2 protein chains.
Amino acid sequence: MKPATVHRLGQLQLKILQVLWAQGESTVASVQGSLDEGRDLAYTTVATMLRKMEGRGLVEHRSEGRLFYYKAKVSEDDVTKGLAADLVDRLFSGSLSDLVSHLLTTQEVSRDELERIERLVAHRKKESSKPRRPGSIPRSEMPGD
Amino acid sequence: MKPATVHRLGQLQLKILQVLWAQGESTVASVQGSLDEGRDLAYTTVATMLRKMEGRGLVEHRSEGRLFYYKAKVSEDDVTKGLAADLVDRLFSGSLSDLVSHLLTTQEVSRDELERIERLVAHRKKESSKPRRPGSIPRSEMPGD
DNA sequence: AACGCACTACTACCTTGGTAGTATAGCGGC
DNA sequence: GCCGCTATACTACCAAGGTAGTAGTGCGTT
């Protein structure tokens, strides 16, 4: 199921989703408590945001007594993919290598990171001969860290 | 000078900047004409947006007679870097390879792209022994396409 | 000189993210 | 049975992106 326009997620919404991905079903209080220690938002702020997000189909809740247990309705993969694809699209007309190129030339990238990327690409090249559905590469086949 | 929070650029603002990067100084009419053929925005919409963007320091203008010639005040590199870095930060706690990994496993990536990336990484690895300011790799040293 | 066109300025309005206060309701304890 | 705690509902605001209408103004043409 493709849940409405995953891109254009705000800072807070993303943070909330990350909390929900990390801990699964959570009450408002729990989400509030798990959000950045730095900023402490009012309980009602988090509650309101969750309700708004539910309206957008990003999360859903289940009642247990008076309590609401919220859980993410969109997967981390979908969101990540959506945001990343959106960026690549908007900035580089879909060219992944252009993005990587840009990142490599303007960002600080450790030699370690470079080598990880190199392994990933090499691995993916081998894979590309026997194509599969995206995202279905099992962990066990991923190049080691 | 670091121009205020380059991330959180809207769709239209980015499009406008892209037009300005591509054609340099442009009048409102010219920008309007160069925006996606699909959607035709009112002249005043573009003008208003440009004025708002000027307020945020994204563009600036120069008058010539009654005409305003707008030009981007932020470089494409800065914006791209800002947006990409922001994304990498927010989604992958700053790990570039995690982003690339994700993109490689969930996106359709042609063999061509893979090879370009491979060359880029290899090139960057060689470079990394003699570090330089980011972004200063001359065209002539870039791996061929 | 007058008219109209083209361009900028101002204002307005909608949406959405974000933030939070106030109102309401139900459960547990005394 | 009432009190208060606390969780949800409702309402309100602000900022910013986006969209556009209307007002004002000056230049070129006739």
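Here is how names work: the chains are called A, B, and so on, in the same order as the sequence lines, proteins then strands, and each is numbered from 1. A quick note: this is a predicted structure, and the numbers were derived from the prediction, not measured. All values below come from the heavy atoms of this structure, side chains included, with hydrogens, waters and symmetry mates left out.
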SB check A/D86 A/R90 (cutoff 4.0 Å): yes
message: Does D/dT8 have its OP1 or OP2 closer than 4.0 Å to a side-chain nitrogen or oxygen of A/Y43?
response: yes
field: All pairs passing side chain to side chain donor-acceptor pair (under 3.5 Å) where residues 21-30 of chain A contributes a residue, at least two apart
entry: A/Q23-A/S26, A/Q23-A/S30, A/Q23-A/S34, A/E25-A/R62
task: Check the hydrophobic clustering (I, L, V, M, F, W, Y; side-chain heavy atoms under 4.5 Å; chains of links allowed) and say if A/L14 and B/V88 are grouped together.
output: yes
- request: Give the rounded distance in Å between these two atoms: CZ of A/R8 and P of D/dA16.
  value: 16 Å
- prompt: Starting at CG of B/L50 and ending at C1' of D/dG17, how long is that distance when rounded to a whole Å?
  reply: 14 Å
At a cut-off of 3.5 Å, list every protein nitrogen or oxygen paired with a nitrogen or oxygen from nucleotides 18-22 of chain D, distance to 0.1 Å.
from   : atom 1 : to    : atom 2 : distance (Å)
D/dG18 : OP1    : B/Q11 : N      : 2.5
D/dG18 : OP1    : B/L12 : N      : 3.1
D/dG18 : OP2    : B/Q13 : N      : 3.3
D/dG18 : N7     : B/K52 : NZ     : 2.9
D/dG18 : O6     : B/K52 : NZ     : 3.1
D/dA20 : OP2    : B/A42 : N      : 3.1
D/dA20 : OP2    : B/T45 : OG1    : 3.2
D/dA20 : N6     : B/T48 : OG1    : 2.7
D/dG21 : N7     : B/T44 : OG1    : 3.2

message: As a test of understanding, state which of B/R116, B/E118, B/E115, B/R119 forms a side chain to side chain donor-acceptor pair (under 3.5 Å) with A/S97.
response: B/R116
Atom-to-atom span, CZ of B/F68 to P of D/dT25 - whole angstrom: 14 Å
query: Which heavy atom of B/L120 sits nearest a heavy atom of A/S101, and at what distance?
result: CD1-CB, 3.5 Å
message: When you compare the side chain of A/L91 with that of A/L99, does any pair of heavy atoms fall below 4.5 Å?
response: no
query: For residues 60-67 of chain A, which residues have at least one heavy atom under 4.0 Å from DNA chain D?
result: A/R66, A/L67
message: Please determine whether a side-chain nitrogen or oxygen atom of B/R51 lies at a distance below 4.0 Å from atom OP1 or OP2 of C/dT8.
response: no
- request: For residues B/F68 and B/S63, report the shortest heavy-atom separation together with the two atoms involved.
  value: CE1-OG, 3.2 Å
field: Gap separating the CD1 atom of A/I16 from the CD atom of A/Q32, nearest 0.5 angstrom
entry: 10.5 Å
statement: To the nearest angstrom, the OH-C1' distance between A/Y69 and D/dT8 comes to 14 Å
query: Expressed in angstrom and rounded to an integer, what is the separation of B/Y70 atom OH from C/dC7 atom P?
result: 13 Å
